[in-house]
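Structure first, commentary second.
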Amino acid sequence: MNSTNVNEHFLIPDYVEKIENLISGMKYGTITIVVQDGHIVQLEKNEKIRIKAGS
């Protein structure tokens with residue numbers, strides 16, 4: 001890890017909080033982290049709703 005990346009790692013708690021917010025309330029689904037040039041550029045939430053048979 002070089003010195004330019006050290007300062008960027010202080011931002012990780014911000015991303016963790018955003019990911020926790022995306023997860024809260026979700027029963028089924030995926031969270032995708034999109035990385036470009038070594039930087040997180042996008043978070044995607046894909047939530048699934050399961051329908052029980054006979055409902």
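Along the sequence shown, residues are numbered consecutively beginning with 1.
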Stepwise side-chain contact (heavy atoms from CB on, under 4.5 Å) test for Leu22 and Met26: CA-CA 8 Å; Leu22 290 173; Met26 181 169 53; 5.9 Å; no
Glu44, CD atom: more than 12 neighbouring heavy atoms under 6.0 Å: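 Correct, the count exceeds 12.
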Point-to-point distance, once rounded to the nearest 0.5 Å, from NZ of Lys45 to OG1 of Thr32: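 Reported to 0.5 Å precision, the distance equals 12.5 Å.
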Pairwise distance NZ(Lys27) to NZ(Lys48) - rounded to 0.5 angstrom: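 Between Lys27 NZ and Lys48 NZ, I get 15.5 Å after rounding to 0.5 Å.
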Cluster overlap Ile31 with Val35, hydrophobic side-chain contacts below 4.5 Å: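 Same hydrophobic cluster.
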Any Ile19 side-chain heavy atom under 4.5 Å of Ile33 side chain: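 Yes. Closest side-chain heavy atoms under 4.5 Å.
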Charged N-O contact under 4.0 Å between Lys18 and Glu20: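 The answer is no: the pair does not qualify as a salt bridge.
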